[in-house]
Amino acid sequence: MLIEFTLNDQPVSVEAPADITLLALLRDYLKLTGTKEACEVGECGACSVMLDGELVNSCLIAAPAAIGRRVVTIEGIHDADGGPNDLQRNFLSHGAVQCGFCIPGMVIAGEALLTKNAQPSRQEIRVALAGNLCRCTGYMQIVDAIEATANERIKKSN
Amino acid sequence: MAELKYIGKPAQRVGGLEKVMGKTKYVGDYNLPGMLYARTLRSDLPHARIKRLDVSPALKVPGVLAAITSEDFHNHGQFGFPIKDMYMLAYEKVRYVGEGIATVAAETPAAAAAGMQAIICELEELPAIFDMDEALAPEAPQVGPLRADGKHPNFLGHYPVYKGNPEEMLKQCDVTIDQKYETVMQEHAYIETEGALGIATTEGGVVVYVSCQSPFIPRGHIASVLNLPEGRVRVIVPPVGGSFGGKDDLNYQAAGQVAALALKTKRPVRMTFSREESMIASYKRGAMRMNIRLGADKDGTLRACQFKSTYDSGAYSSQSPFTSWRASIHAMGAYRYDACTVDINTVYTNQGYAGAYRGFGNTEVCSGIEQAVDEMADALKMDPMDFRLKNCLKVGDVTPHSQTLTESVGLTDCLLAVRKMSDWDRKRKNYSNQPVNGDGKRRGIGVAALFHGTSLGAEGADEATGTIELHDDNLVTLTSGLTDYGTGSRTVYTLIAAEVLGIDPSRIRVHLPDTNTAKDSGPTVASRATMLGGNATKVAALNLLQNLDWAAADLLNCDLHQLQRVGESYVGPSEEPVSWETVVSHAREMGLVLSAHGKWTAPLIQWDEEHGTGIPYFAYHFGAQVAEVEVDMNTGLTDVIGLWAVHDIGKVIFPQGAYGQLYGGISHGFGYALYEDVDYMDGYLQSVNFDTYLIPTSADMPEIHGGFVEAEFSQGPFGAKNIAEPAMVPTAPAILNAIAHASGRRIRKLPANLERVMLGEALKKKASTVSCKVALNIT
């Protein structure tokens, strides 16, 4: 079937079977491999994307459910010049990245949180990330990076 | 030493930018034109003879191009290190549920799955062993290979440490304890599952991209099982999505399978595991049963330790001989004893199989000995922190292995620092006298200490070679055969080379490990990348620096010793400063070579396996962690409300990376303490995905307060030692000791889940073979 939606602010139109997941559509049909596949049961969050601004596990969403909606993947998160945005830069400067496999999902989850709660507490950040598993970092520096970004964005908007 | 410019300063992780942008290509992200997908048929019995195996029906399935079994490999695909007891695909027998039997390559994943299901495989079930204590019974079914020495084939090895006679000394001690402790298997839970991509080359060889730790090991295995010269096999390690010791043997099989299929089909062949396949087929941290006896004088002096244990290697030896040996060396903890013996016996069973996992034996024994030490402090009515400070190893002490520690022993400083940082004295006193509150919640605080031998020790030859090259565009590249699977070693090498050469790290790039371009530097295990690879990088950079210095001296009309550096520029006694680029181009004009290898060999060590004595490691990491918990006495729920960790890792080279390793290691120990349990029912794994095998989330983990004691090691690169493995080692016993302090309940079998904390034992759950069998057949 024809699946048409907005992907990272661009309209896309792709012919794909109706019974595949949004994750498979992104990775196998649109060749966007930044979104990771790691459990396929909605537990690990490596496949996190934003669907109309909501954080979702793309492995649990049927591809046709994206029709007419806005999907943002890690490939859509960057600064105007195509480089890393402030959150991504903070992930780097706070040492929040190790093997990196969970990181696209973590960045998406961080952005999704900050759009809803501009000034989250560390505990609120921890709860917001609880659907994204990381086995490398113990989460400390990921929480640090999101907290620092929130503070910078608040400062900037004032 | 001159002030360091890059080492120990904030730095950005090499490869980090691509990772935060989602651009990093892991092996499962590779897509080549005409690429085939591979799928392996796996055993659904824990122990069986392969009666009939016929892959020809699979070849009739549309889209299937090839199918292989052990018959497609030289010598049936036998491989393994240090013991050759595995096969690329099962030969004659299967020994655990999930063992690979045959592999299919097809145009689509669905066709590969259909092909797998079409294979005719008849298994004749054999009696199996699921309890390590039954493995050596005379009538026990044979799981391990026949032994030349006539011992039971299920006996894998005995690992002793002997100093004096603790049996006798325990009789003379004022206070003794005698307890049993038990640990269970743990899943690595790397977020990226296993995977490999094989590509046939025009010269009849094969290139394999495989997510693993040590590329030279699979190169050797693949060359051997495909009967190819090593020069025809190239192994490249793309970015690895976590490993923690877990991406060796099983991924070597995946690498061998895709290599064979690529040669057969002349098409690229990729295999990527589902989470279920990964969890069922992969090796784990092995389970251990320990009996620990300690003796001390009334004044709190530890005198004797007798440690006896059995370690379950499961169906294959994998790294268990080395794991067991490391366990034996660390079994008595970081303390002085007048007499100490350790006996670890390792056996084969049919409970999956055990291999390398962060801490490598020390994680297991530390959870036992650090609880025993706490129980001894209790018996002596001493503060457990004071008791450890009184007995812990210091410079000048002789260890129970009869090694004299001459330098870099920072344990006392770690204990003192973590005591202060965690506000130990006040909390310990308050919680010791707390009334039972109306809400039934009680707090406690516990400590655990560790030592951890650096690098391989007496496990094997220990050396590494790094390569440095200065290119025409003035970019410097580094090559190492050691893998950075998230640990940060590539950043460590960059900072070391920048420091030595006096240039900005942005000028330096680090290649991915590739057997075609890197020198074999041994396995990336045992937290050895900084020590071995760091030293090799330093030697290589010094070789390059010498040639640049010659050029600078020539330009500046002075002697080498008169050269000074201001920023990157060179300054002589009289002439104007010259830029680094000018020096580099002058070096080229002088015909000087601008590339170099640097080889570093670890100091000599020796171990007498029979008499259990010697110098097991050339240096040790030390550390101490404190956990503060709140236990709900009504439900058994443990909330860890704070963790403090101070480790002596020698000189810190890459601070964000070192803290990341510390925090991450602690999260593994946190899960190990409280809920992680690879539960096999008669060989069938009960939790096959993250919905039932729980690992810590960000909401579970408390804030961690870390710190480093930098007791520099004279032979480490800039004084560095190691961090990766030992970060997790003391976490579980610190939490268990805190639970005991809070609740008065000592949990001697991991994990300390609700049932064990509340009732003292885990309730029997209804087990099933279904999830395991279904998961192996998901299409």
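Reminder, nothing fancy here: chain letters follow the sequence lines and each chain counts from 1.
The distance from atom CG of Asn132(A) to atom CD1 of Ile191(B), rounded to the nearest 0.5 Å, is 9.5 Å. Interatomic distance, Met21(B) CE to Ile77(A) CD1, rounded to the nearest 0.5 Å: 9.5 Å.
Put simply, of Gly706(B), Pro702(B), Pro239(B), the one with the most heavy-atom pairs under 4.5 Å next to chain A is Pro702(B). Heavy-atom pairs under 4.5 Å with chain A peak, among Ala189(B), Ala11(B), Gly665(B), at Ala189(B). Between chain B and the residues Val143(A), Thr35(A), Thr137(A), Thr73(A), the most heavy-atom pairs under 4.5 angstrom are made by Thr137(A). Between chain B and the residues Leu87(A), Ile125(A), Val41(A), Ile142(A), the most heavy-atom pairs under 4.5 angstrom are made by Val41(A).
Contact record, Ala130(A) with Ser698(B): N-OG, 3.4 Å, taken as the closest heavy-atom pair. The two residues Val97(A) and Arg13(B) make their nearest non-hydrogen contact at O-NE, 2.5 Å. In terms of heavy-atom proximity, Asn689(B) sits nearest to Cys39(A) at ND2-O, 3.0 Å. Of all the heavy atoms in Gly241(B) and Cys99(A), the pair that sits closest is C-SG, 3.3 Å. Here the shortest heavy-atom pairing between Asp29(B) and Arg27(A) reads OD1-NH2, 2.8 Å. Scanning both residues, Met140(A) and Tyr663(B), for their nearest heavy atoms gives CB-CD1, 3.5 Å.
Checking side-chain atoms of Tyr139(A) against main-chain N and O of Pro696(B) turns up a donor-acceptor pair under 3.5 Å. A distance-only check finds a donor-acceptor pair linking the side chain of Gln88(A) to the backbone of Val20(B) [under 3.5 Å]. In this structure, Gln98(A) contributes its side chain and Gly660(B) its backbone to a donor-acceptor pair below 3.5 Å.
Interface remark: Glu276(B) contributes side-chain atoms only to the contact with chain A (heavy atom separation under 4.5 Å). For chain A, the nearby parts of Ile695(B) are the backbone and the side chain; heavy atoms of each come within less than 4.5 Å. Tyr485(B) touches chain A through its backbone: at least one of N, CA, C or O sits under 4.5 Å from a heavy atom, while the side chain does not. Both the backbone and the side chain of Leu129(A) come within less than 4.5 Å of a heavy atom of chain B. No part of Pro109(B) comes within reach of chain A, as not one of its non-hydrogen atoms sits under 4.5 angstrom from that chain. The contact between Phe244(B) and chain A is made entirely by side chain atoms (from C-beta outward), counting heavy-atom distances below 4.5 Å. In this structure, chain B has a heavy atom under 4.5 Å from the side chain of Arg122(A), while its backbone stays farther away. Of the two parts of Thr24(B), only the backbone, made up of N, CA, C and O, holds a non-hydrogen atom closer than 4.5 Å to a non-hydrogen atom of chain A.
In this structure the side chain of Lys19(B) never reaches within 4.5 angstrom of the side chain of Leu92(A), judged on heavy atoms. Side-chain atoms of Leu133(A) and Thr697(B), non-hydrogen and from C-beta on, do get closer than 4.5 Å to each other. Two residues are said to be in side-chain contact when any heavy atoms from C-beta on lie closer than 4.5 Å; His94(A) and Gln656(B) fail this criterion. Side-chain atoms of Tyr190(B) and Cys136(A), non-hydrogen and from C-beta on, never get closer than 4.5 Å to each other. Here the side chains of Leu17(B) and Pro84(A) are in contact, with some heavy-atom distance below 4.5 Å.
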Subject >> Test log, rule side chain to side chain contact (heavy atoms under 4.5 Å, CB included), inputs Met701(B) and Arg126(A) >> reply: CA-CA 9 Å; Met701(B) 292 294 299; Arg126(A) 287 181 177 280; 3.9 Å; yes

Original post:
When you look at Tyr26(B) and Lys36(A), which way does the side chain to side chain contact (heavy atoms under 4.5 Å, CB included) test go after all the steps?
Top reply: CA-CA 10 Å; Tyr26(B) 301 85; Lys36(A) 300 300 177 197; 3.6 Å; yes

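With a 6.0 Å radius and a threshold of 12 heavy atoms from other residues, nucleotides or ligands, Glu4(A) has its CD atom above the threshold. For Lys25(B), the NZ atom is densely surrounded, since the number of other residues' heavy atoms within 6.0 Å is greater than 12. Within a 6.0 Å sphere centred on CG of Asp9(A), other residues, nucleotides and ligands contribute 12 heavy atoms or fewer. When the shell of 6.0 Å around NZ of Lys155(A) is examined, it contains 12 or fewer heavy atoms from other residues, nucleotides or ligands.
Between Arg135(A) and Glu187(B) no salt bridge is recorded (no basic side-chain N to carboxylate O distance below 4.0 Å).
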